[in-house]
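Here's the structure, in structure tokens; my notes come after.
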Amino acid sequence: MSFCLIRLLAALLLCAVSATANQTVDWWESATLYQIYPRSFMDSDGDGIGDLNGITSRLAFFKEIGVTATWISPIYDSPMADMGYDVSNYTKIYPVFGTMEDFDNMLAKAHELDLKLILDFVPNHSSDECEWFQKSILREDGYDDFYVWDDGKIDPETGERLPPSNWGATFGGSAWTWVEERQQYYLHQFLAKQPDLNYNNPLVRERMKEVMKFWLDRGIDGFRMDATNSLAEKRFENGTYPDEPIKAGTVDQLERIYTQDQWESTEIIYEWREFLDEYQRLNGGDTRAMIIEAYSDVDVLSGYITNGTKVGGQMPMNFNFVRLKENANAETIETQANDWMDVIWARHKMANWVANNHDNSRLPTRMGESKKDAMTMIIHALPGTSVTYYGEEIGMPDYAAACSGDPCNFRDPERTPMQWNGAKNAGFSTGNSTWLPVNPNYLFLNVQVQRGVARSSLQIFKGMTALKKTDAFKAFKEEGGFSYKALSEQVFQVIRTAVDREEIRVLANLGNQIEYFDGLTNKTMEYVLLNSYSPHRYGDKLDLSGRIYLMPYEAVVLRWTA
Ligand code: GLC
Ligand code: MG
């Protein structure tokens with residue numbers, strides 16, 4: 001080889017290396033993130049309620065299925081009025097879940113396995129049983145303004161006392177509750193047992209940072225910030241709270257213009273980001289990631305990431321796929337994906353995909369059983385972070401009969417115990433009963449069965465997470481790294497590309513008709529992952545320059561390498 005050619009090759013190589021180096025991908029950006037709902041994941045002590053030692057005993061499962069990071073719904077002490085989203089002590093573990101030692105052990109084992117662990121953080125409200133609230137009722141020193149208190153209004157005609165505004169709580173009723181003892185109303189955007197903390201009070205902000213530091217010092221890798229869009233509310237200079245207007249076309253639904261998405265909420269997030277970055281500067285280690293939970297428009301979500309001057313949460317969750325219902329087709333998926341990509345990707349080169357969580361009906365129930373594995377392919381093939389809710393990897397549906405109390409929690413059906421195997425209580429617990437009933441479908445729908453069945457939901461999931469290690473998947477931030485579109489009303493395509501080296505293509509038919517396409521590309525590709533509706537075999541070749549067919553609900557992954 002001539003000297004010149006070697007120099008040219010060396011220069012090209014350098015060029016390629018630096019092009020990749022420019023596009024650094026932080027751990028949270030391409031993670032396979034998994035939500036653990038601690039009550040329902042794994043019970044270690046037979047009381048029918050999942051716990052931390054249970055999670056620890058199942059950490060190896062995450063490695064098996066290619067999960068790289070987890071986030072855990074609240075594990076703090078709580079009267080469980082909202083299943084832990086009502087915290088009575090932010091630095092104590094709920095005893096039914098275990099002890100601080102169990103926590104440290106779980107975290108250490110997770111890190112040994114190279115798994116990141118993110119904690120749910122509930123900053124908007126505490127439990128009414130929290131010591132802070134009890135002290136606030138009594139106006140104890142330093143706690144007087146810890147929550148949002150107000151005298152309310154006096155009706156000029158009747159002389160009757162009324163709440164300060166017409167605001168409604170997310171779970172029904174007024175957002176204001178009267179406390180005899182203090183002779184004032186307090187604000188709660190959720191249940192009356194979840195009083196809103198007052199973020200206009202610097203002491204509250206400081207206290208919450210102390211709480212964060214407590215968990216960061218134990219070694220956690222980040223926070224999922226709960227109900228971020230509810231953090232701040234509108235309050236006039238004169239101390240009054242404005243009524244919200246009635247939504248057009250409804251009788252009593254409020255347009256939540258003063259209780260949701262206030263810019264002050266974003267400011268709080270910026271302050272926490274500064275705190276987290278400073279923590280990393282002082283203590284080293286990887287990025288402590290902040291995930292934002294806000295059911296808000298992409299423009300608002302973009303503001304949580306940055307306003308141009310200040311930075312906030314790395315990753316607002318993308319709930320667009322939680323909105324997909326039975327009638328959703330490839331075009332709906334494209335619309336929902338564009339909604340995110342046109343704003344968040346365009347501005348921040350960040351994407352993530354959530355299709356399930358503990359607040360929403362599970363995808364197989366919402367969209368249909370026949371589409372679930374195709375959706376797993378799509379969710380993982382789209383660029384960025386996939387977020388999986390426990391049980392999603394085996395295609396667990398809702399269990400309509402599940403009910404945890406009287407009244408039933410409307411979200412119980414999507415929170416039933418994880419289905420590990422065909423043993424008693426699906427291997428979730430050795431107890432005589434479980435906090436929510438196990439879905440009777442566990443006998444055939446469980447991890448163990450699906451390990452042994454080709455093309456099971458679990459195998460599709462594993463196949464997709466394995467693909468994340470390919471060049472084509474890693475190149476997603478590079479020019480031409482991905483594309484997606486609805487090829488027809490029912491067929492969705494995602495392409496991942498390492499230019500000139502590798503291409504991976506998902507073709508998913510979400511409809512019940514045979515579909516065909518001509519000349520999609522001049523490549524011949526190999527079938528590397530197939531759902532159970534596909535008549536093809538692994539390793540078969542497909543010439544995409546000619547006509548290709550997709551059977552009803554068939555979803556396939558094709559691969560080409562140079
Ligand atoms: C979030 C949680 C939900 C909870 C609410 C109030 O939306 O995901 O489960 O009820 O916040 O904390
Ligand atoms: Mg237990």
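Indexing begins at 1, ligand by ligand and atom by atom, following the structure's order. Not measured: the values here are computed from a predicted model.
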Atoms of ligand 1 close to His125 [distance to a heavy atom under 4.0 angstrom, numbered from 1]: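 Counting from 1, the qualifying ligand atoms are 6 (C), 12 (O).
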Trp176 and Tyr147 aromatic centres sub-6.0 Å: no
Ring centroid separation Trp420 to Phe61 under 6.0 Å: yes
Proximity to ligand 1 by part of [X], non-hydrogen separation under 4.0 Å:
X	value
Arg224	side chain
Tyr37	neither
Met83	neither

Polar contact flag for Asp226 and ligand 1 (N/O pairs, less than 3.5 Å):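 Yes, at least one N or O pair falls under 3.5 Å.
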What protein heavy atom lies closest to [atom]? Include the residue and the distance to one decimal.
atom	value
atom 7 (O) of ligand 1	Glu293 OE2, 2.9 Å
atom 9 (O) of ligand 1	Asp359 OD1, 2.7 Å
atom 10 (O) of ligand 1	Asp82 OD2, 2.5 Å

With the Mg ion (ligand 2) as the reference point, give the N/O/S atom of [X] that is nearest.
X	value
Asp43	OD1
Asp47	OD1
Asp51	OD2
Asp45	OD1

Under 3.5 Å, is there a donor-acceptor pair linking the side chains of [X] and [Y]?
X	Y	value
Ser230	Gln260	yes
Ser44	Asp51	yes
Asp412	Ser404	yes

If you count the non-hydrogen atoms of other residues, nucleotides and ligands that lie under 6.0 Å from [atom1] in [X], is the total more than 12?
X	atom1	result
Glu131	CD	no
Lys213	NZ	no
Lys234	NZ	no

Sub-4.0 Å heavy-atom contact, Phe171 with ligand 1: yes
Whether Arg411 lies under 4.0 Å from ligand 1, heavy atom: yes
Metal proximity, Gly48 vs the Mg ion (ligand 2), N/O/S cut-off 2.8 Å: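 No.
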Candidate list Tyr76, Tyr85, Trp71, test side-chain hydrogen bond (donor to acceptor under 3.5 Å, both in side chains), partner Asp120, passing option: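 Answer to the side-chain hydrogen bond (donor to acceptor under 3.5 Å, both in side chains) test with Asp120 among Tyr76, Tyr85, Trp71: Tyr85.
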Partner of Phe223 by ring pair (Phe, Tyr, Trp, His ring centres under 6.0 Å), out of Phe214, Trp28, Phe121: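 Single pass found, and it is Phe121.
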